[in-house]
Each structure stands twice: as structure tokens, then as C-alpha cells.
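Each chain gets a letter, A, B and so on, in the order the sequences are listed, and its residues count up from 1.
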Protein chains: 2
Amino acid sequence: MRGITASRADGMTIGQISELTGVNIETIRYYEKIRLLPPPLRAANGRRIYGSTESRVLAFVRRSRELGFSLDEIRALLRLGGPGKASCREVRDIATLHLDDIRAKISDLRKLERLLAATIARCSGTTAPDCPVLDILDVQRRN
Amino acid sequence: MRGITASRADGMTIGQISELTGVNIETIRYYEKIRLLPPPLRAANGRRIYGSTESRVLAFVRRSRELGFSLDEIRALLRLGGPGKASCREVRDIATLHLDDIRAKISDLRKLERLLAATIARCSGTTAPDCPVLDILDVQRRN
DNA sequence: GCTACATCCTGTAGTCACTACAGGATCAAG
DNA sequence: CTTGATCCTGTAGTGACTACAGGATGTAGC
């Protein structure tokens, strides 16, 4: 008769949970230091011990980071997903704000891309004295 | 009889060149400290004095930063645009590498945007116990 | 001349999200 | 019993700034 949340992944070292979740060992300790993650159990020799719950949370954090959430946003998401009472609306609000951020960044980068690409296209590649790339950066060049 | 490179913008204080170029005062001093910019002349009282040449360079740096060039890339561009001998090919190479970076970032962000938007769309906004946003982040949630 | 206030100076520390060490303890295998 | 891997704590470095502390000037009004 196994525990309800038990899995094959209990009793891991920090190296094992790092392997399992793909999060760097130093990063895991860093997350603990800034209190993004609660301090785990310790073995008699002082080493950290992780279980399946910890690995689930850590995987969540990693996925959120990959999606570009800041650690503060993740902190909020963890609180909301925490002790029941998770309000889907609040989670959606955080995610929506983040989506707006992403869209603004994409729009900015696209403008940059067009400008830079057009400029480079005008570039002969020879050792011409006036370079269009330098020109576009240096508005006052032709003074 | 005025000097060849003289303009109305000579003999500025750091506050004035900051105003003119839109670069923060602290940032200008920071650029000097990391040797992105050469140390300017000083007045008898020790204050920095800038002229039109400095403001041209600083505007170039600002524009390059807006286009997302790193300070190291800008350092290289300044060297290339520096004492004549500017090879347009080298400038184009730096800009092209940077353009590749920008395109990769856009592509990454677009993937994120699609994933996040689709997830949020599945969100009812009610206080449903299983939130699609948390679900997609927390792969093992339904254990 | 005096008083305010703005502007300048240097130098240090904080931001974000890590990463990289230094210097030591402990463990597992041969 | 030695070697090498893994772990521990703590500090410092990254990029590109920003913010402040604490002090020295400059400028304007009275």
C-alpha cells in the first residue's frame, strides 16, 4: 500500500532532481535562497532531500521560466496554485498581462528587424567610404 | 572665423548633453567608466565638458542600443567607424549577426505567444478547480 | 554677502536571474 | 585507503544600467 502522492522519484539528492527537472543545481539552491522554493528536508549529513512534490513544483517553475514568466510572476502563480482556493481568474490575469508583454516585444523586434534588414540590404559589402549601416546609426554623419 | 567642426552644441555640461541625446547622466558616466567613451575634457572646477563630436558619438551609441546592439558590438562599430579605414564589410557582418539574433528571438517569442494565447483561450475565468493555465505549466498536475 | 536650490563630482550598492568559483566535508567504488 | 564524484556554504561576477550617499561647486534672488 503506497502513499497517495508517492512515486518512484522520492528521496532524491539535489543532483538527481536537477537531472530529472533539467534545472541547474546552483539554480535550485538559488531558488531556495530567494525563498521561491521552501527549504527541503535534510539528511543526517546535512544534504538536501527532495521528493516527488518538490520535483513537480520545480518542473512547474522551469516550464514557467521557459515561457518567460519572471520569478515574481511565478511566485504569484505558485501562491495561487497553492493551498486550494486557486482562482482561475487571477491566474488568467497574470498570464494575460504576460501575453501582452510578449506581444509588445514581438512588435518592437519586428520593427527593428525591418529597419536593420533594409539597411543591410543597401550595403554593397565593398570598402565604400560611406556605409549605410553606420549612416543609419549616425544620423548626423553627413554634417 | 569659427572652427571647422564647431557647432552650436559645443561646451556642454553633462546635463546638457544628456538632454540633447536623451542618454541618462548616470549612464554617460557609466559609459566613460567602462571605457566605451573616452574621458572628456574637464573644466577648471573638474566638471566634464562635451562638444559636438562627443554628442555625435553618444547619439550613435543611443541609436545602436535602441536597435538592440550590445555594448560590446557598439564598441566594435565605434572602432570600425573610427580613424578612417572603415570596412563596410565588417560593419555589415556585425549587423547581420545581430539581425540573425533578432530573428531568432522573434521566432521564439511567436511560439510562446501562440502557446500562451491558446492556453488562456481555454480559460473560462470562473473558479473552476482545474485551470488550463496552471495545467499547461504543471504537466504532472493530473497524477 | 547670504541663503536656497540646482547641478555636478566620486564611489558604492542594488537590480534580475542566474553562473562560477573557493574551500571544505562527505560519500561510494575499487 | 585512496581516488573522484557529489555535496555544503558563502562570495563574487555577469550586462546594462539605476539609485543613492555625501560632498563640492554654480547660479539666482534678496
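Distances shown here put a side-chain N or O of B:Asn45 below 4.0 Å from the OP1 or OP2 atom of D:dG26. OP1 and OP2 of C:dA6 both lie 4.0 Å or more from every side-chain N or O belonging to B:Arg47. Under 4.0 angstrom from either OP1 or OP2 of C:dC16 there lies no side-chain N or O belonging to A:Tyr30. Between A:Thr13 and D:dC7, a side-chain N or O to OP1/OP2 separation shorter than 4.0 Å is present. Listed pair A:Arg42 / D:dT9 meets the phosphate criterion, a side-chain N or O lying under 4.0 Å from OP1 or OP2. OP1 and OP2 of C:dC18 both lie 4.0 Å or more from every side-chain N or O belonging to A:Asn24. OP1 and OP2 of D:dA16 both lie 4.0 Å or more from every side-chain N or O belonging to B:Thr27.
Residue A:Ile34 is out of contact with every strand shown, counting any heavy-atom pair closer than 4.0 Å. Counting non-hydrogen atoms under 4.0 angstrom, B:Arg29 reaches a base of the nucleic acid.
The distance from atom CD1 of B:Ile28 to atom C1' of C:dT7 is 14 Å, rounded to the nearest whole Å. In this structure, B:Ile25 atom CD1 and C:dT10 atom P are separated by 13 Å, rounded to whole Å. Straight-line distance from the CD atom of B:Gln16 to the P atom of D:dG26: 15 Å, rounded to whole Å. Atom CZ in B:Arg62 sits about 14 Å away from atom C1' in D:dC17, given to the nearest Å. Rounded to whole Å, the distance from CZ on B:Arg35 to P on D:dA16 is 18 Å. Between the OH atom of A:Tyr31 and the C1' atom of C:dT19 there is a distance of 12 Å, rounded to whole Å. When rounded to the nearest whole Å, the span between CD of B:Glu32 and P of C:dT10 equals 7 Å. At whole-Å resolution of the value, CE in A:Met12 and C1' in D:dC7 are 16 Å apart.
The salt bridge (charged side-chain N to carboxylate O under 4.0 Å, His left out) pairs that include a residue from residues 95-107 of chain B are A:Glu113-B:Arg103, where partners are two or more places apart or lie in different chains.
Using a 4.5 Å heavy-atom cutoff, the side chains of B:Val23 and B:Ser18 are not in contact. With contacts defined as side-chain heavy-atom distances shorter than 4.5 Å, the pair B:Arg110/A:Ile106 qualifies. Proximity of A:Met12 to A:Arg48: side-chain heavy atoms (C-beta onward) are nowhere separated by under 4.5 Å.
The side chain of A:Arg65 lies closest to C:dC18, out of D:dC17, D:dA16, C:dC18. The side chain of B:Arg48 has C:dC9 as its nearest neighbour among C:dC8, C:dC9, C:dA17.
Both A:Lys33 and B:Glu26 sit near DNA chain C, but only B:Glu26 has its closest nucleotide nearer the 5' end.
When all heavy atoms of A:His98 and A:Gly68 are compared, the closest pair comes out as CE1-O, 2.9 Å.
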